[in-house]
Amino acid sequence: WYLAAREDNFKHKIVQNGGAKLITNSMSRFISSEKMQEKGIITLWSLSTPLQLRSEIGHLAVIPILRGMQAHVTGHKVVEDGLSALKALSTHSSSKKILQENDAIDLILDSMWIHSESPIIQQIALGALSNISVDVDANTVTQITENDLSAIVTAMQLHDLDRGVQESALILLKNYSFSPNNHSVLRQHRFLSSLIRSASARFSDTFSGRSDFLIGILS
């Protein structure tokens with residue numbers, strides 16, 4: 001982990017010499033070790049920070065990270081760092097596809113429910129979902145489900161005073177709203193409009209544009 005935290009050119013050397021693959025192999029071999037998953041995830045996350053490495057790290061790391069989170073889904077540190085890594089990796093189109101094919105959205109939602117009391121986990125999870133939900137290269141928007149929306153609404157309700165959670169939720173909701181196919185699901189939730197209005201009123205300095213757009217969709 002210490003070596004991976006160094007400058008970007010050193011991270012390139014680690015990846016070029018098979019370091020990332022070695023880490024993922026160790027994570028798979030010692031899947032029952034929560035500490036191994038913590039260290040492996042945070043190292044892979046650090047290695048993914050250079051944009052030039054993100055696709056390669058995503059190809060190697062997404063599935064091991066998901067498996068580590070699944071094995072230790074009640075572990076706060078594993079989940080927080082895992083979500084942060086997925087949020088970073090999901091900015092690349094190739095990683096979005098891997099995440100969707102391996103039920104990452106379901107795991108992220110499970111993490112939100114299990115750690116519902118944690119605003120930082122809610123914020124990071126919502127950010128990861130935002131990245132996964134829209135693929136600009138493929139011109140696609142993920143279809144929202146009632147379970148997706150329920151998790152978002154619950155996060156907004158439990159952390160109504162947390163700017164990061166509210167902002168991340170509005171960004172995700174706006175992403176979903178880019179697909180007309182999602183409008184009917186969004187309109188079905190009776191509390192959504194009031195939550196959006198409350199967030200806008202409380203944080204009017206930055207939220208008004210997104211909230212006005214969403215209220216227009218829901219009306």
Side-chain angles (χ1 to χ4, degrees), residues 1-105 107-108 110-112 115 118-138 163-165 167-168 171-172 175:
W1 175 85
Y2 172 75
L3 293 176
R6 296 174 64 177
E7 60 271 12
D8 285 359
N9 65 339
F10 202 81
K11 296 176 184 181
H12 281 271
K13 291 179 181 178
I14 291 175
V15 175
Q16 288 169 1
N17 286 281
K21 182 64 175 176
L22 181 63
I23 293 165
T24 59
N25 287 343
S26 297
M27 290 173 66
S28 298
R29 183 178 179 185
F30 300 103
I31 190 67
S32 61
S33 169
E34 186 170 345
K35 183 61 66 175
M36 181 67 209
Q37 301 310 308
E38 288 178 11
K39 295 296 185 182
I41 287 170
I42 200 168
T43 305
L44 292 169
W45 177 21
S46 179
L47 289 174
S48 74
T49 52
L51 292 178
Q52 304 95 320
L53 291 176
R54 198 156 294 175
S55 175
E56 184 175 356
I57 295 297
H59 180 74
L60 290 170
V62 165
I63 293 176
I65 290 171
L66 291 174
R67 288 175 177 167
M69 290 176 62
Q70 287 170 336
H72 304 281
V73 72
T74 59
H76 190 284
K77 183 66 172 171
V78 170
V79 169
E80 181 181 338
D81 289 342
L83 289 171
S84 296
L86 295 180
K87 181 181 177 183
L89 293 169
S90 60
T91 59
H92 198 280
S93 182
S94 62
S95 294
K96 294 178 196 281
K97 183 177 181 181
I98 298 171
L99 287 162
Q100 291 169 348
E101 290 175 347
N102 288 275
D103 300 322
I105 292 176
L107 178 59
I108 293 171
D110 287 345
S111 300
M112 290 178 69
H115 300 276
S118 170
I120 187 62
I121 284 182
Q122 301 303 305
Q123 181 180 342
I124 300 169
L126 292 165
L129 290 171
S130 292
N131 290 343
I132 298 170
S133 65
V134 174
D135 189 337
V136 176
D137 293 341
R163 174 185 288 269
V165 172
E167 182 173 22
S168 297
I171 292 171
L172 175 55
N175 281 359

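The residues of the chain are indexed from 1 along the displayed sequence. Quick note: numbers below take in every heavy atom, side chains included, and nothing from hydrogens, waters or symmetry partners.
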Novice: Looking at CZ of Arg54 and OG1 of Thr49, how far apart are the two atoms once the value is rounded to the nearest 0.5 Å?
Specialist: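 Going from CZ on Arg54 over to OG1 on Thr49, the span is 7.0 Å.
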Novice: What pair of heavy atoms forms the shortest contact from Val78 to Gly68, and how long is it?
Specialist: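 Where Val78 meets Gly68 most closely, the heavy atoms are CG1-O, 3.8 Å.
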Novice: Can you find a pair of side-chain heavy atoms, one from Met112 and one from Leu129, that are under 4.5 Å apart?
Specialist: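 Yes, at least one pair of side-chain atoms sits under 4.5 Å.
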Novice: Is there a donor-acceptor contact under 3.5 Å from the side chain of Lys87 to the main chain of Asn131?
Specialist: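 No.
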Novice: Just by modelled atom types, is the Ser90 backbone N or O under 3.5 Å from a matching donor or acceptor in the Lys96 side chain?
Specialist: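 Yes.
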Novice: Treating Ser46 as the side-chain partner and Thr43 as the backbone partner, does any N or O pair qualify as donor plus acceptor under 3.5 Å?
Specialist: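 Not at all, since once roles are kept as given, no pair shorter than 3.5 Å links the two residues.
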Novice: Nearest 0.5 angstrom please: Ile124 CD1 to His115 NE2, how far?
Specialist: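 Taking CD1 in Ile124 and NE2 in His115, the distance rounds to 11.5 Å.
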Novice: Decide yes or no for Leu86 and Leu66: does some side-chain heavy atom of the first lie under 4.5 Å from some side-chain heavy atom of the second?
Specialist: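 They are in side-chain contact.
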Novice: At what distance, to the nearest 0.5 angstrom, does CE of Met36 lie from OG of Ser26?
Specialist: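 Taking CE in Met36 and OG in Ser26, the distance rounds to 4.5 Å.
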Novice: Taking all atoms of both residues into account, what is the closest heavy-atom pair of Ser168 and Ser130, and its distance?
Specialist: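 Closest approach of Ser168 to Ser130, heavy atoms only: O-OG, 4.0 Å.
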Novice: Are any of the side-chain heavy atoms of Met69 and Asp110 separated by less than 4.5 Å?
Specialist: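 Sidechains of Asp110 and Met69: no contact.
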Novice: Let me confirm one number: the CG-OG distance from Leu99 to Ser94, rounded to the nearest 0.5 Å.
Specialist: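 If we round to the nearest 0.5 Å, Leu99:CG and Ser94:OG are 9.5 Å apart.
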Novice: Would you indicate whether the side-chain heavy atoms of Ser48 and Leu53 approach each other to under 4.5 Å?
Specialist: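 Not touching, per the 4.5 Å side-chain cut-off.
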Novice: Thinking salt bridges, do Lys77 and Glu80 make one under a 4.0 Å N-O criterion?
Specialist: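 Looking at Glu80 together with Lys77, the answer is no, because their closest N to O distance does not fall below 4.0 Å.
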Novice: Can you check whether Ile41 reaches Met27 side chain to side chain, under 4.5 Å on heavy atoms?
Specialist: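 Yes, at least one pair of side-chain atoms sits under 4.5 Å.
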Novice: At what distance, to the nearest 0.5 angstrom, does CD1 of Ile65 lie from CG of Leu60?
Specialist: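 The CD1 atom of Ile65 sits 10.0 Å away from the CG atom of Leu60.
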Novice: For Val62, run the side-chain contact (heavy atoms from CB on, under 4.5 Å) check against Ile98, Ile57, Thr24 and tell me which one passes.
Specialist: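 Passing option: Ile98.
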Novice: Ser93 and Asp135: side-chain donor and acceptor closer than 3.5 Å?
Specialist: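 A pair is found: one side chain offers a donor N or O, the other an acceptor, under 3.5 Å apart.
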Novice: So which of Ile105, Leu89, Thr91 actually passes side-chain contact (heavy atoms from CB on, under 4.5 Å) with Ile132?
Specialist: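 Going through the options one by one, the only one that passes is Ile105.
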Novice: State the NE2-CG distance between His76 and Asp81, to the nearest 0.5 angstrom.
Specialist: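 His76 atom NE2 to Asp81 atom CG measures 10.0 Å (nearest 0.5 Å).
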